[in-house]
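Numbered from 1 within each chain, the chains take letters A, B, ... in sequence-line order.
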Protein chains: 2
Amino acid sequence: MALGKNYERQDCSFARALELLGERWTLLLVRDAFYGVRRYADFLAHLDIPRAVLAERLRTLTEAGVLARQRYSDNPPRHEYVLTARGRELWSVFFPLVQWGDRHLSTIGPRRLFAHATCDTLLEPTGTCGRCGRLVPPEEIEVRPGPGAQSDLRDDPVTQALRTPRRLLEPLF
Amino acid sequence: MALGKNYERQDCSFARALELLGERWTLLLVRDAFYGVRRYADFLAHLDIPRAVLAERLRTLTEAGVLARQRYSDNPPRHEYVLTARGRELWSVFFPLVQWGDRHLSTIGPRRLFAHATCDTLLEPTGTCGRCGRLVPPEEIEVRPGPGAQSDLRDDPVTQALRTPRRLLEPLF
DNA sequence: CGCCCATGGTTCAGTCAACGAACCGAAAGA
DNA sequence: TCTTTCGGTTCGTTGACTGAACCATGGGCG
């Protein structure tokens with residue numbers, strides 16, 4: 001949303017969260033991070049986001065403690081961006097919004113399905129497992145292609161990797 | 001967020017939901033609608049949103065079926081904007097984000113508390129009632145000023161009305 | 001060594017949306 | 001008639017996003 005930063009007169013947790021997360025592209029980065037995207041080039045390929053905006057959002061999210069910048073190679077020095085505990089808590093925001101979109105904005109059906117991996121059972125709209133009834137943390141969730149995955153507009157490495165079931169948060173590559 | 005409208009290459013329920021809801025001010029309108037704000041002038045007073053942007057967002061949300069435009073006076077013809085069932089479903093997105101903001105972005109503590117009105121008990125972070133354990137729909141929720149409500153930066157009629165406990169969705173005026 | 005490539009950025013000119021102040025029109029009230 | 005309220009529209013300015021080009025570091029290869 002390119003939300004401006006000036007909700008300052010809205011002193012409310014919700015407005016503050018939106019200042020950080022409501023900017024254009026930001027929540028899509030969080031989505032991709034749940035899917036296991038970690039590297040600059042992969043975010044870039046999957047999102048078609050301008051490079052300058054990507055760099056800035058990664059910096060903002062890192063400063064806010066939603067992502068952590070971790071070195072994965074010394075020669076050459078390379079970093080990847082991983083969701084922190086604070087970032088993983090955003091699953092409780094992300095999942096309901098996906099559900100809402102699936103219910104009201106989708107024609108062909110969900111593009112991705114989410115299942116409790118250990119129970120092999122789809123999640124309820126509340127985010128609980130249909131079998132064991134527990135509220136499932138993202139670490140235990142598997143993403144699978146859903147009926148809406150047929151019409152794949154794009155064909156980058158990330159999209160390809162997501163055509164097979166994956167555990168959330170596990171690196172795609 | 002002034003999110004642009006062009007996530008079209010991100011054919012995903014989440015991206016589509018963000019196209020609609022991710023634009024700057026939009027989710028703050030939804031928040032205020034939960035709090036019982038219904039009229040153009042009241043949104044304006046509470047949000048300091050440019051009038052043109054407010055008019056456009058109300059139109060977009062109405063077209064998307066999140067808000068309904070209802071006539072409440074014939075002479076002069078006046079309308080108010082009320083959350084539809086589809087809009088009320090956004091409670092499951094709104095509440096976790098408020099909680100997240102309270103946990104991570106608030107210094108003084110929650111500005112508003114949410115309670116199951118019939119049980120007179122605060123909601124759990126999951127949105128269930130701490131006493132009866134049910135997932136509470138917004139119609140049964142009471143908003144109350146929390147510890148963070150001390151520092152009220154603004155003093156419009158909406159802010160004043162919210163200084164006393166209120167049932168969600170009930171019109172403020 | 002010299003050349004090319006991969007990765008992860010920065011720079012910059014153009015565009016488009018948000019901002020905010022002014023204006024507008026209908027209706028009611030004094 | 002004059003003023004106020006409500007719900008907008010218009011419009012010039014500002015600021016963020018866009019997209020293409022450029023850059024820096026560090027391999028890998030002949």
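Against DNA chain C, the stretch residues 34-41 of chain A makes heavy-atom approaches under 4.0 Å through Tyr40(A), Ala41(A).
Remark: Arg57(B) is in phosphate contact with dA18(C), judged by side-chain N or O atoms under 4.0 Å from OP1 or OP2. In terms of phosphate contacts, Arg24(A) brings no side-chain nitrogen or oxygen within less than 4.0 Å of OP1 or OP2 of dG15(D). In this structure, Tyr72(A) reaches the dG8(C) phosphate: one of its side-chain N or O atoms is under 4.0 Å from OP1 or OP2.
Using modelled atom types and a 3.5 Å distance limit, the side chains of Arg38(B) and Tyr81(B) yield no donor-acceptor pair.
Residue Leu58(B) contributes atom CG, which lies 13 Å from atom C1' of dC6(D) at whole-angstrom precision. Rounded to whole Å, atom P of dA21(C) lies 11 Å from atom CG of Asp48(B). Distance CZ (Arg71(A)) to P (dT7(C)): 17 Å, rounded to an integer number of Å. One interatomic measurement links the two molecules: CG of Leu47(B) to C1' of dG20(C), which rounds to 15 Å at whole-angstrom precision. In this structure, the CZ atom of Arg69(B) is 16 Å from the P atom of dC6(D), given to the nearest Å. One atom, CG of Asp74(A), and another, P of dG27(D), lie 10 Å apart when rounded to the nearest Å. dT10(C) atom C1' lies 13 Å from atom CG of Leu54(A), rounded to whole Å. One can place CD of Glu80(B) at 12 Å from P of dG8(D), the figure rounded to the nearest angstrom.
Ion pairing between a basic and an acidic side chain is recognised when a charged N comes within 4.0 Å of a carboxylate O; Arg163(B) and Asp155(B) show such pairing.
Put simply, the side chain of Arg154(B) gets close to the backbone of Ala45(B): a donor and an acceptor are under 3.5 Å apart. Counting only distance, with no hydrogens or angles, the side chain of Thr164(B) and the backbone of Ala161(B) share a donor-acceptor pair below 3.5 Å.
Place Pro76(A) and Pro50(A) on DNA chain D by their nearest nucleotides, and Pro50(A) ends up nearer the 5' end.
Among Leu168(B), Leu123(B), Thr121(B), the single residue meeting the side-chain contact (heavy atoms from CB on, under 4.5 Å) criterion with Val136(B) is Leu123(B). Between Phe34(A) and the options Phe94(A), Phe114(A), Phe95(A), a ring pair (Phe, Tyr, Trp, His ring centres under 6.0 Å) holds for only Phe94(A).
Out of dG8(C), dG8(D), dC6(D), the shortest distance to the side chain of Arg78(A) is found at dG8(C).
Under the 4.5 Å side-chain criterion, counting only non-hydrogen atoms from C-beta, Leu47(B) is in contact with Arg31(B).
Between the side chain of Arg51(B) and the base of dG7(D) there is at least one donor-acceptor pair of N/O atoms closer than 3.5 Å.
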